[in-house]
Novice: 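Sending over a structure as structure tokens; questions will come in a sec.
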Amino acid sequence: MGGKKVKLAFITKDTARKATYKIRVKGLMKKLNEITTLCEIKACAIVFNPEIVEPQIWPSIEGVQSVLNQFIHVPKFDRGRKMLNHESYLKENIEKLSEKLTKKTKENRKMKMTIQMYHFLEKGNIEGLSTVDHDDLTYVIDEKMEEINMKMMEMEINDQRAPRFVNGS
């Protein structure tokens, strides 16, 4: 069972902040211990607290040095490929969201032109369209015509496959 959702904001009350810090650091160290045990990987943690002179280190100074040395000896190309900083994370997210926006914009434009097409079919008047709207409307009409042709072909094929019954058989 998961815990309740916590609002991520600075805790203004000093005692509550210190208590939360102790609990969270303890939980972090426990999770690091679990992941190293379960997955047989090397991990370390260095936690700096401005109120305490010595940083908290897990598992030990030697363990941290061992992990850092191993990390340093990974070629820079491989290290950079697997690392993610704020800037690259945000760039990646912006790129994904831009692609989503472009896709949704195209979908909305197509939907608008489809509605416009039905409106023009009802009214019979296509005056006042810009060149871009006219081109988009032509595209939507062509697409709809293709759909209709495909459905008609399917119906013909299904009609040919259907068994024929003759009276008196």
Side-chain angles (χ1 to χ4, degrees), residues 1-119 130-133 135-148 150-151 154:
M1 180 198 277
K4 65 180 182 177
K5 186 160 178 139
V6 177
K7 181 183 172 194
L8 292 179
F10 181 73
I11 302 170
T12 53
K13 203 172 179 184
D14 228 20
T15 53
R17 187 173 56 251
K18 287 177 183 176
T20 301
Y21 169 79
K22 285 180 183 177
I23 292 167
R24 292 296 177 113
V25 167
K26 186 178 176 183
L28 175 65
M29 301 305 174
K30 182 180 175 188
K31 289 291 181 190
L32 277 170
N33 189 31
E34 289 173 3
I35 196 169
T36 55
T37 303
L38 295 172
C39 301
E40 290 187 11
I41 61 163
K42 289 189 175 186
C44 67
I46 304 170
V47 181
F48 289 97
N49 181 349
E51 296 178 7
I52 302 171
V53 177
E54 289 290 317
Q56 284 182 274
I57 297 173
W58 185 90
S60 64
I61 292 176
E62 295 81 22
V64 169
Q65 287 174 340
S66 168
V67 171
L68 289 176
N69 281 334
Q70 216 173 351
F71 177 74
I72 288 170
H73 285 93
V74 171
K76 281 191 178 188
F77 176 75
D78 290 339
R79 194 181 333 155
R81 216 170 31 131
K82 295 176 183 175
M83 288 177 59
L84 193 65
N85 60 24
H86 291 294
E87 185 180 350
S88 57
Y89 172 77
L90 289 174
K91 280 182 180 177
E92 205 172 282
N93 270 2
I94 288 170
E95 192 175 303
K96 286 179 185 177
L97 290 172
S98 292
E99 288 172 8
K100 250 183 176 176
L101 177 63
T102 302
K103 185 178 177 183
K104 288 294 179 190
T105 303
K106 284 180 181 178
E107 286 175 15
N108 287 344
R109 180 70 178 162
K110 186 176 174 183
M111 185 64 70
K112 181 181 176 186
M113 287 296 107
T114 303
I115 292 168
Q116 197 80 9
M117 176 186 71
Y118 289 123
H119 173 75
S130 70
T131 307
V132 174
D133 286 348
D135 291 345
D136 288 349
L137 185 59
T138 303
Y139 174 79
V140 169
I141 291 171
D142 289 344
E143 207 172 61
K144 292 292 181 191
M145 289 298 293
E146 186 67 32
E147 283 179 35
I148 291 169
M150 293 298 286
K151 295 253 184 196
E154 281 179 30

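All values reported here derive from a predicted model rather than from experimental measurement.
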Novice: Assess whether salt bridge (charged side-chain N to carboxylate O under 4.0 Å, His left out) is satisfied between Glu34 and Lys31, documenting all intermediate values.
Specialist: CA-CA 5 Å; Glu34 289 173 3; Lys31 289 291 181 190; 3.7 Å; yes

Novice: Under the rule for salt bridge (Lys or Arg N to Asp or Glu O under 4.0 Å), what residues qualify as partners of Glu107, not counting sequence neighbours?
Specialist: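 Residues passing salt bridge (Lys or Arg N to Asp or Glu O under 4.0 Å) with Glu107: Lys104.
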
Novice: Quick one: list whatever passes side chain to side chain donor-acceptor pair (under 3.5 Å) with Asn69, sequence neighbours left out.
Specialist: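 Not a single residue meets the side chain to side chain donor-acceptor pair (under 3.5 Å) criterion with Asn69.
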
Novice: Look up atom NZ in Lys42 and atom CG in Leu68, then write down how far apart they are to the nearest 0.5 Å.
Specialist: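 If I round to the nearest 0.5 Å, the distance is 11.5 Å.
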
Novice: In Å, rounded to the nearest 0.5 Å, how long is the span from CD of Glu143 to NZ of Lys110?
Specialist: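 Rounded to the nearest 0.5 Å, the CD-NZ separation comes to 3.5 Å.
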
Novice: Please check if the number of heavy atoms outside Glu95 that lie under 6.0 Å from its CD is greater than 12.
Specialist: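 Check fails, neighbour count at 12 or below.
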
Novice: Between the main-chain N or O of Leu32 and the side-chain N or O of Thr36, is there a donor-acceptor pair closer than 3.5 Å?
Specialist: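 The answer is yes, because a donor-acceptor pair under 3.5 Å joins these two groups.
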
Novice: Out of curiosity, Leu28 CG to Lys26 NZ, how far, rounded to the nearest 0.5 Å?
Specialist: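 With rounding to 0.5 Å, CG (Leu28) is 13.0 Å from NZ (Lys26).
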
Novice: Taking the side chain as every heavy atom from C-beta outward, state whether Gln116 and Asp133 have any atom pair closer than 4.5 Å.
Specialist: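 Side-chain contact under 4.5 Å: no.
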
Novice: Side-chain contact test, heavy atoms from C-beta onward, threshold under 4.5 Å: evaluate it for Trp58 versus Val25 and give yes or no.
Specialist: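 SC-SC contact between Trp58 and Val25 ruled out.
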
Novice: Quick one: pull up OH in Tyr139 and NZ in Lys144 and give me the separation to the nearest 0.5 Å.
Specialist: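 Nearest 0.5 Å value for the OH-NZ distance: 11.0 Å.
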
Novice: Under 4.0 Å between a side-chain nitrogen and a carboxylate oxygen: does that hold for Lys91 and Glu87?
Specialist: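 Here Lys91 pairs with Glu87 in a salt bridge, since their nearest N and O are under 4.0 Å apart.
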
Novice: Is atom CG of Leu97 surrounded by more than 12 heavy atoms (other residues, nucleotides or ligands) closer than 6.0 Å?
Specialist: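 Check passes, neighbour count above 12.
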
Novice: Going from CD1 on Ile57 to CZ on Phe48, what distance comes out if it is rounded to the nearest 0.5 angstrom?
Specialist: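 It is 7.5 Å, given to the nearest 0.5 Å.
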
Novice: What residues, two or more places apart in sequence or in another chain, satisfy side-chain contact (heavy atoms from CB on, under 4.5 Å) together with Asp14?
Specialist: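 Partners of Asp14 under the side-chain contact (heavy atoms from CB on, under 4.5 Å) test: Arg17, Lys18.
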
Novice: What residue among Ser60, Pro59, Ser66 forms side-chain contact (heavy atoms from CB on, under 4.5 Å) with Cys44?
Specialist: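 Result for side-chain contact (heavy atoms from CB on, under 4.5 Å) with Cys44: Pro59.
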
Novice: Working to the nearest 0.5 angstrom, can you tell me the gap between Lys112 NZ and His119 NE2?
Specialist: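 Lys112 NZ to His119 NE2: 12.0 Å, rounded to 0.5 Å.
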
Novice: Answer whether the closest heavy-atom distance between the side chains of Thr102 and Lys106 falls below 4.5 Å.
Specialist: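 Yes. Closest side-chain heavy atoms under 4.5 Å.
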
